[in-house]
Trainee: 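Just dropping this structure here.
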Amino acid sequence: MCGIVGYIGDKNAVPVLMDGLKKLEYRGYDSAGVAVYAEGKVQIRKYKGRLSVLEEHLDKEKLSGNLAIGHTRWATHGEPSDANSHPHTNEKGDIAVVHNGIIENYLKIKDFLISKGYVFKSEVDTEVLAHFIDYYYEGDLAEAVRKVIKEIKGSYAFAVITNREPDKIVCVRKENPLIVGIGEDENYIASDIPAILKHTRKTYLMGENELAVITKDDIRFYSENGEPVKKEVFNVDWDVSAAEKGGYRHFMLKEIHEQPKAIKDTMTGRMAKDSDTIRLDDIKLTAEELERFSKIFIVACGTAYHAGLVGKYLIEHLAKIPVEVDIASEFRYRNPLVDEKTLVIIISQSGETLDTFAALKEAKNKGARILSVVNVVGSSIARESHDVLYTWAGPEIAVASTKAYTTQIIALYEIALHMADLKGTLSKEEIKTIKDEMLNLPAKIEKALGNKEEIQKFASKNSGEKDVFFIGRGLDYAVALEGSLKLKEISYIHSDAYAAGELKHGPIALIEEGTVVVALMTQHELYEKMLSNVKEVKARGAYVFAIAKEGNKEVETIADQTLYIPQVSDMLSPTVTVIPLQLLAYYMAVEKGCDVDMPRNLAKSVTVE
Ligand code: AGP
């Protein structure tokens with residue numbers, strides 16, 4: 001998730017762009033750049049690092065022009081570097097492109113263009129756009145872009161300028177947001193409203209597969225087949241901070257609602273509808289190498305550790321390889337039995353968590369192969385690993401991790417299915433069945449997100465509670481641990497999660513009249529068992545909030561409150577079951593007036609021991 005901006009008018013575009021990029025830096029901040037039409041040609045200034053690095057350079061040289069596009073990056077393809085920063089250009093440097101999204105078939109197009117003599121300067125998928133537009137250019141920039149979008153696959157919003165036609169910006173959007181800001185004798189484009197709010201509140205929201213040609217006094221929209229498109233003006237009445245949160249009250253709530261797209265993006269290019277294989281180009285593990293591993297460790301901290309618990313279940317269940325899950329701060333000091341026959345899977349959103357990084361190095365020094373699941377491209381953990389499978393959740397701003405958790409679970413499904421494919425422990429049909437159901441998960445999660453009323457009711461009634469317990473069995477126990485952590489870290493309510501079968505061995509002593517218990521009962525095999533566990537705590541006076549799959553009506557007769565999630569297979573349920581738990585923690589924290597995005601005593605990336 002990058003941020004792109006553009007301006008055409010009579011003002012100096014550079015300060016307009018820099019101001020817009022500052023408002024979009026929450027979308028990505030590992031490198032930034034601008035392309036400005038100045039002194040008769042397109043001039044590129046782009047640097048690795050925060051926007052302030054670019055700003056320092058621009059302040060020194062006073063670059064000025066009336067036509068420009070800019071970009072702040074969240075790396076997906078190619079580590080943060082000056083060369084991989086946007087804008088990307090063709091060889092002559094007279095066509096410049098900024099892009100937000102992923103060009104899935106960029107490797108195929110790159111090979112084609114190289115065969116036509118084009119020379120590439122970066123590892124980034126976006127660069128193919130600049131060369132491909134050059135390849136199709138015959139005097140009409142919009143026409144060249146139209147030809148390019150017919151051949152590229154993926155999700156994208158990109159903008160192009162060229163000094164061959166220095167009176168316009170051409171931009172397109174498919175799946176990723178792009179808006180056009182309407183000015184007096186000037187116009188703007190941006191990935192999101194905050195970037196242009198200072199200048200105008202009149203906007204056009206670009207639709208799916210639309211192309212726009214923008215000059216300083218005219219804006220025209222076309223469908224992908226070139227037909228003109230008439231659009232309504234969208235008047236924005238949000239303030240800037242609300243706009244940065246996309247109209248949501250907190251980044252956490254925004255990120256909870258971004259999960260359907262984040263999961264879809266994390267499957268893009270790896271799981272295609274019509275294929276029965278999982279393509280994980282980033283993992284160079286062969287079947288022979290996999291056979292050699294006697295054991296797998298999954299090592300992580302906090303929420304990532306909880307994703308690892310689901311990963312253990314998946315890899316053992318699908319690929320039949322024994323897995324041990326370890327808390328990184330324990331793993332690094334307990335002299336674990338790790339050697340060259342060990343595969344260690346490291347999970348980290350930030351890729352910078354010190355405990356996890358140190359555990360990685362400990363395992364690597366012992367000869368282990370390191371496969372990491374990371375969200376931040378080019379982070380320390382990513383750079384230190386043999387193989388990296390990126391989650392494409394985009395920047396996660398709120399301290400409480402939500403979309404990183406569900407995309408980590410998706411990445412672990414992909415790894416488990418890939419291993420099962422390499423080992424032949426699953427048939428192609430079985431892999432296809434699971435894959436097809438995974439491709440439907442975004443829709444199921446969208447449905448679960450629609451179920452807020454029950455949760456808000458529960459939160460307003462119980463936000464005064466001192467203790468809240470979560471119980472579950474199997475995968476539900478792993479998800480219960482995550483639900484309990486979310487509640488603790490943002491609402492400061494004491495909470496524990498127990499394997500429901502373990503209650504009678506002690507913790508049930510904590511249950512008394514009115515004790516709040518959240519019971520997860522989505523595992524079909526274990527449903528009957530969970531019913532008796534719910535009866536157990538009810539018998540001691542507990543107030544039970546049950547989360548079950550649609551159609552399981554019995555629990556309603558026992559629990560005080562029941563919330564249903566859409567039907568999904570047991571193994572795939574964690575990414576859906578966690579949604580009401582994230583919302584529960586959120587609404588409890590809001591009820592208590594807590595600082596949801598910046599909870600006390602916590603940091604987004606824990607880089608101390
Ligand atoms: C989760 O909400 C917390 N922010 C924390 O537990 C976090 O998961 C942990 O610090 C690991 O962070 P990482 O994924 O960036 O390594």
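Numbering starts at 1 and runs along the sequence shown. This one's a predicted model, so the numbers in the text were calculated from it and none came from an experiment. In listed order, ligands and their atoms are each counted from 1.
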Trainee: Can you list everything that forms a side chain to side chain contact (heavy atoms under 4.5 Å, CB included) with Cys301? Sequence neighbours excluded, please.
Mentor: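 Partners of Cys301 under the side chain to side chain contact (heavy atoms under 4.5 Å, CB included) test: Ala328, Thr353, Asp355, Thr356.
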
Trainee: For atom 7 (C) of ligand 1, grab the closest protein heavy atom and report residue, atom and distance to one decimal in Å.
Mentor: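 Protein heavy atom at minimum distance: Thr303 N, 4.1 Å.
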
Trainee: Of all the atoms in ligand 1, which lie at a distance below 4.0 Å from a heavy atom belonging to Ala400?
Mentor: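 Ligand 1 atoms under the 4.0 Å threshold to Ala400: 2 (O).
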
Trainee: Please determine if Thr356 has a nitrogen or oxygen closer than 3.5 Å to a nitrogen or oxygen of ligand 1.
Mentor: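 It does not: no N or O of Thr356 is found under 3.5 Å from an N or O of ligand 1.
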
Trainee: Among all protein heavy atoms in this structure, tell me which lies nearest to atom 14 (O) of ligand 1, with the distance rounded to 0.1 Å.
Mentor: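 Heavy-atom neighbour on the protein nearest atom 14 (O) of ligand 1: Gln349 N, 2.6 Å.
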
Trainee: Residues in side chain to side chain contact (heavy atoms under 4.5 Å, CB included) with Tyr477, at least two apart?
Mentor: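 Applying side chain to side chain contact (heavy atoms under 4.5 Å, CB included) to Tyr477 gives Leu481, Ala499.
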
Trainee: Any idea which of Ala300, Cys301, Gly302 brings a heavy atom closest to atom 11 (C) of ligand 1?
Mentor: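 When every heavy atom of Ala300, Cys301, Gly302 is considered, Cys301 comes closest to atom 11 (C) of ligand 1.
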
Trainee: What protein heavy atom sits nearest atom 12 (O) of ligand 1, and how far away is it?
Mentor: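 I find the closest protein heavy atom is Thr353 OG1, 3.4 Å.
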
Trainee: Counting both backbone and side chain atoms, is some N or O of Glu489 under 3.5 Å from an N or O of ligand 1?
Mentor: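 The answer is yes, given that Glu489 and ligand 1 share an N or O pair closer than 3.5 Å.
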
Trainee: Can you tell me the protein heavy atom closest to atom 15 (O) of ligand 1 and the distance?
Mentor: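 Of every protein heavy atom, Ser350 OG, 2.7 Å lies nearest to atom 15 (O) of ligand 1.
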
Trainee: Would you check if there is a donor-acceptor pair between the side chains of Glu25 and Thr72 at a distance under 3.5 Å?
Mentor: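 No donor-acceptor contact under 3.5 Å links the two side chains.
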
Trainee: In terms of residue, atom name and distance, what is the protein heavy atom nearest to atom 10 (O) of ligand 1?
Mentor: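 Of every protein heavy atom, Val606 CG2, 3.9 Å lies nearest to atom 10 (O) of ligand 1.
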
Trainee: Roughly how far, to the nearest 0.5 Å, is CG of Leu581 from CG of Leu520?
Mentor: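 Rounded to the nearest 0.5 Å, the CG-CG separation comes out at 5.5 Å.
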
Trainee: If you take the nearest heavy atom of each of Val399, Val374, Val376, Leu354, which one is closest to atom 4 (N) of ligand 1?
Mentor: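 Going through Val399, Val374, Val376, Leu354 one by one, Val399 has the nearest heavy atom to atom 4 (N) of ligand 1.
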
Trainee: Report the relative orientation of the aromatic rings in Phe469 and Tyr498; use parallel for angles under 30°, tilted for 30 to 60°, perpendicular for over 60°.
Mentor: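 Judged by the thresholds at 30° and 60°, the geometry between Phe469 and Tyr498 is tilted.
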
